[in-house]
Amino acid sequence: MPRFLSDGPLQAIAADIEAGRYKAKPSRVFHFEDILEAHRVMQSNEVRCIHCPHLKENPMAKPCEHLQGVTAADFPPPRTPDACEECLKEGTRWVELRECQTCGHVGCCDSSGGKHATKHFHETGHPVMRSVMPGATWSWCYVHEAEGRLA
Ligand SMILES: [Zn+2]
Ligand SMILES: [Zn+2]
Ligand SMILES: [Zn+2]
């Protein structure tokens, strides 16, 4: 999915530019590459410049090869269905659950006290997880900090 300058964290900077308050690099304000660099928007290959109608290639983008072609069928059966593996052992509670594509580990999300899904990535290097909440179809690559959609 292209990421637009009006989206999420870029909304503030887009508003600043429109209001003439953007001061990061005054002489090159309209060079969207500089804006991207300043804000480390590296998740997408394509970025729409708010000052022109063209989609441009983001030169800093590192395409995520981990999420390409990944579908729900590429995930193994969860090791601990409907539960965070570490929270089960520790007796702690979780908010939402994420499943590791590599090994089927189920860990809790970053809004949970344990943050066990993210810890699992740091411990194992397994790059891709998905939400296993009812109805959720998104995945996430920790390496590239990129979001995917599961077909
Ligand atoms: Zn990746
Ligand atoms: Zn947990
Ligand atoms: Zn894993």
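Whatever order the structure lists ligands and atoms in, that order sets their numbers, starting from 1.
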Identified side-chain contact (heavy atoms from CB on, under 4.5 Å) partner of Ser139 from the options Leu150, Thr71, Asp74, Val70: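 Answer to the side-chain contact (heavy atoms from CB on, under 4.5 Å) test with Ser139 among Leu150, Thr71, Asp74, Val70: Leu150.
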Test applied, side-chain contact (heavy atoms from CB on, under 4.5 Å); reference residue, Cys64; option that passes from Glu145, His144, Glu147: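 The side-chain contact (heavy atoms from CB on, under 4.5 Å) with Cys64 is passed solely by His144 among Glu145, His144, Glu147.
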Under 3.5 Å side-chain donor-acceptor pair for Glu123 and His116: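 Their side chains do not contain a donor-acceptor pair, so the 3.5 Å distance test is not met.
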Nearest 10° is fine: what angle sits at the Zn ion (ligand 1) between ND1 from His144 and SG from Cys64?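 Computed angle, vertex at the Zn ion (ligand 1), rounded to 10 degrees: 110°.
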For the Zn ion (ligand 2): the N/O/S atom of His116 at shortest distance: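 Within His116, restricted to N, O or S, the Zn ion (ligand 2) is closest to atom ND1.
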Geometry at the Zn ion (ligand 3) - Cys103 SG versus His120 NE2 angle, rounded to 10 degrees: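 Between NE2 of His120 and SG of Cys103, at the Zn ion (ligand 3), the angle is about 100°.
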Kindly confirm whether the Zn ion (ligand 3) is within less than 2.8 Å of some N/O/S atom in His105?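 Within the cut-off used here (under 2.8 Å), His105 places no N, O or S atom near the Zn ion (ligand 3).
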Under 3.5 Å, side chain of Ser112 to main-chain N/O of Val95, donor-acceptor pair present?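 Looks like yes, one N/O pair under 3.5 Å.
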Heteroatom of His66 nearest to the Zn ion (ligand 1) (N, O or S, atom name):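 So the atom name we want here is ND1.
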With clusters defined by side-chain heavy atoms of hydrophobic residues (ILVMFWY) lying less than 4.5 Å apart, directly or transitively, does Val106 cluster with Met133?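 The answer is yes; both residues are in one hydrophobic cluster.
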Looking at the Zn ion (ligand 3), which N/O/S atom of His126 is the nearest one?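 It is ND1 of His126.
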